[in-house]
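Written out below as structure tokens is the structure these notes cover.
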Amino acid sequence: MIYAVILSGGLGLRFWPKSRKNLPKQFLRVLGEKTMIENTVERISNIIPNDRICVVTNNIYVDKINEILKIKSSNIFKEPLNRETASCIGLAAIKLLKRDFEATMVVLPSDHFIQGQEEFEKAIIKAIDVAQDGDYLVTFGITPTRPESGYGYIEVGDSIEEGVYKVKRFIEKPNVDVAASLIEKGNFLWNSGMFVWRADRLLREIKKYLPDLYKNLMRIYEYIGTPDEERVIREEYEKIDGISIDFGVMQRTHRAVVIPTNFVWDDIGSFTSLERFLNKDENGNVISNCEAAVLDVKNTTIIGEKRLVAAIGVKDMLIVDTDDVVLICPKDRSQSIKDLVKKISNVEELERFI
């Protein structure tokens with residue numbers, strides 16, 4: 001059977017201070033009236049029924065997921081620690097194989113923005129066929145619209161069938177100049193971070209390229225459904241050196257293929273990506289969720305909550321105001337927010353702001 005596996009354990013650090021440890025980005029109403037994780041579930045629900053939609057998350061978010069989503073508690077796969085995507089996807093794979101040895105996984109981050117439902121569904125159905133019939137690890141490529149340094153890139157290789165290509169290589173988040181040169185070549189796509197594969201095929205690739213993780217997962221597999229399951233998961237997670245599925249498997253395997261897509265996609269990974277979907281005034285300013293008074297302000301994004309935000313003579317800036325934190329930074333440094341949060345988290349008296 002086909003299962004959706006929604007990844008919902010991330011902290012959304014580049015979206016701080018809106019996104020916090022106790023309320024990360026996937027639980028926010030970033031665009032529209034629904035949370036990002038609700039939109040993700042709704043997007044896949046025409047293909048996969050609710051009783052086969054699963055969420056992998058950290059223990060601390062289980063109550064929030066139960067509050068927002070109406071899915072079975074047995075479909076919430078809990079991680080005791082954050083050990084990157086290879087671990088959380090591997091955990092989902094063994095959980096599903098325990099109940100269905102022919103399980104195929106549609107792996108979706110919980111915090112992406114997609115427009116073009118019909119094209120999205122066509123791409124997913126195509127990927128399921130390719131993953132099952134060809135035993136491939138399938139990812140989705142997005143046609144670049146700008147030289148974006150915040151995304152990974154996929155070089156498209158030889159065609160294996162109509163609309164499906166071998167992955168020649170992955171390139172992780174190049175600088176803007178390199179990104180521009182990749183786009184000029186015409187055979188590079190953005191890496192969407194969405195995947196489809198048979199669970200047993202994924203585990204064979206993990207065994208080949210991440211043998212230590214495979215041993216951790218196999219020990220957990222033995223205890224799934226027993227009273228000791230949570231204890232063993234914690235024991236094994238404490239041994240795991242975290243690595244992403246991209247670095248750990250996709251960049252090494254010879255079974256990776258890519259399907260170029262036609263839908264609009266964005267991971268809304270930062271405030272500068274969010275502004276692409278918000279209205280701008282005649283000076284290029286975005287003012288969201290607050291009252292603002294501006295004078296000689298251009299190309300600046302202001303996001304608030306309750307207070308009036310006032311600015312004079314600034315350009316190309318990002319201003320985010322919350323109840324307890326004000327963030328001010330040049331737009332071209334928005335990717336550094338993640339580094340700032342890590343720095344703050346290392347200062348004991350400031351940890352409450354994370």
Can Gln117 and Arg43 be said to form a side-chain hydrogen bond (donor to acceptor under 3.5 Å, both in side chains), step by step? CA-CA 7 Å; Gln117 181 67 22; Arg43 191 178 299 131; 4.8 Å; no
Which is it for Tyr237 and Asn216 under the side-chain hydrogen bond (donor to acceptor under 3.5 Å, both in side chains) test, yes or no, and what are the steps along the way? CA-CA 8 Å; Tyr237 262 67; Asn216 301 134; over 6 Å; no
Dump the intermediate steps for side-chain hydrogen bond (donor to acceptor under 3.5 Å, both in side chains) on Asn46 and Glu121, then the final yes or no. CA-CA 8 Å; Asn46 286 344; Glu121 291 179 6; 2.8 Å; yes
Would you please test Phe120 and Phe263 for ring pair (Phe, Tyr, Trp, His ring centres under 6.0 Å) and show each step? CA-CA 6 Å; Phe120 171 78; Phe263 50 79; 5.7 Å; yes
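Within the 4.5 Å cutoff, the side chain of Asp281 has no heavy atoms near those of the Lys298 side chain. Two residues are said to be in side-chain contact when any heavy atoms from C-beta on lie closer than 4.5 Å; Asn191 and Phe170 meet this criterion. Contact annotation: the side chain of Leu202 approaches that of Ile245 to within less than 4.5 Å [non-hydrogen atoms, C-beta and beyond]. Residues Ile206 and Val249 have side chains in contact (heavy-atom distance under 4.5 Å, counting atoms from C-beta outward). Residues Tyr214 and Met218 have side chains in contact (heavy-atom distance under 4.5 Å, counting atoms from C-beta outward). Counting only heavy atoms from C-beta outward, the side chains of Lys98 and Ile220 never approach each other to under 4.5 Å. Contact check for Phe77 versus Leu96: side-chain heavy atoms found under the 4.5 Å cut-off. Within the 4.5 Å cutoff, no side-chain heavy atoms of Glu205 are placed close to those of Trp197.
Salt bridge absent: Glu229 and Arg234 never bring a charged side-chain N and a carboxylate O closer than 4.0 Å. Ion pairing of Glu33 with Arg29 is absent here, as no side-chain N (NZ or NE/NH1/NH2) approaches a carboxylate O to less than 4.0 Å. Comment: Asp246 does not engage Arg252 in a salt bridge, judged by the lack of any side-chain N to carboxylate O separation of less than 4.0 angstrom. Remark: Glu235 engages Arg231 in a salt bridge, criterion side-chain N to carboxylate O under 4.0 Å. Between Lys331 and Asp316, none of the side-chain N atoms (NZ, or NE/NH1/NH2) sits under 4.0 Å from a carboxylate O, so this pair counts as no salt bridge. Between Glu67 and Lys64 there is a salt bridge, since a side-chain N of the basic residue sits under 4.0 Å from a carboxylate O of the acidic one. The pair Arg333-Asp339 does not meet the salt-bridge criterion, since no charged nitrogen lies less than 4.0 angstrom from a carboxylate oxygen.
A donor-acceptor contact shorter than 3.5 Å is absent between the side chain of Trp190 and the backbone of Thr145. A donor-acceptor distance shorter than 3.5 angstrom exists from the side chain of Arg307 to the backbone of Thr322, with no hydrogens or angles considered. A donor-acceptor distance shorter than 3.5 angstrom exists from the side chain of Glu38 to the backbone of Thr35, with no hydrogens or angles considered. Distance alone, capped at 3.5 Å, places no donor-acceptor pair between the Lys18 side chain and the Ile303 backbone. A donor-acceptor pair under 3.5 Å is absent between the side-chain atoms of Arg198 and the main chain of Thr104, judged by distance alone. Formation of a donor-acceptor pair under 3.5 Å by the Thr40 side chain with backbone atoms of Ser110 is found in this model. Side chain of Thr300 to main chain of Asn285: no donor-acceptor pair is present (N/O by atom type, distance under 3.5 Å, no hydrogens or angles). Lys208 places no side-chain N or O within donor-acceptor distance of the main-chain N or O of Thr253, the cut-off being under 3.5 Å. A donor-acceptor contact shorter than 3.5 Å links the side chain of Asp100 to the backbone of Met1.
For NZ of Lys168, the number of neighbouring non-hydrogen atoms (other residues, nucleotides, ligands) closer than 6.0 Å is 12 at most. Surrounding CD of Glu349 are more than 12 heavy atoms belonging to other residues, nucleotides or ligands, all under 6.0 Å away. Within 6.0 Å of CD on Glu172 lie more than 12 heavy atoms contributed by other residues, nucleotides or ligands. Counting non-hydrogen atoms of neighbouring residues, nucleotides and ligands closer than 6.0 angstrom, the CD atom of Glu230 reaches no more than 12 such neighbours. For CG of Asn279, the number of neighbouring non-hydrogen atoms (other residues, nucleotides, ligands) closer than 6.0 Å is 12 at most. Annotation: Asn346, atom CG; neighbour count of heavy atoms from other residues, nucleotides and ligands within 6.0 Å is above 12. For Asp241, the CG atom sits in a loose shell: 12 or fewer heavy atoms of surrounding residues, nucleotides or ligands are nearer than 6.0 Å. No more than 12 heavy atoms of other residues, nucleotides or ligands shown are found within 6.0 angstrom of CD on Glu102.
For an aromatic pair to be called close, the ring centres must be under 6.0 Å apart, and Tyr61 with Phe27 satisfies this. Taking the six-membered ring for Trp and the full ring otherwise, the centers of Phe113 and Phe277 sit less than 6.0 Å from each other.
Figure legend: Lys173 and Tyr151 shown without cation-pi pairing, the cationic atom not lying both under 6.0 angstrom from the six-membered ring centre and within 45 degrees of its axis. Relative to the ring axis of Tyr136, Arg255 places its NZ or CZ within 45° and under 6.0 Å from the centre.
Counted by atom type alone, Glu84 and Ser244 present zero donor-acceptor pairs between their side chains at under 3.5 Å. Looking only at atom types and distance, the side chain of Gln26 has no donor-acceptor partner in the side chain of Asp111 under 3.5 Å away.
Atom CG of Leu217 is separated from atom OG of Ser87 by 7.0 Å, given to the nearest 0.5 angstrom.
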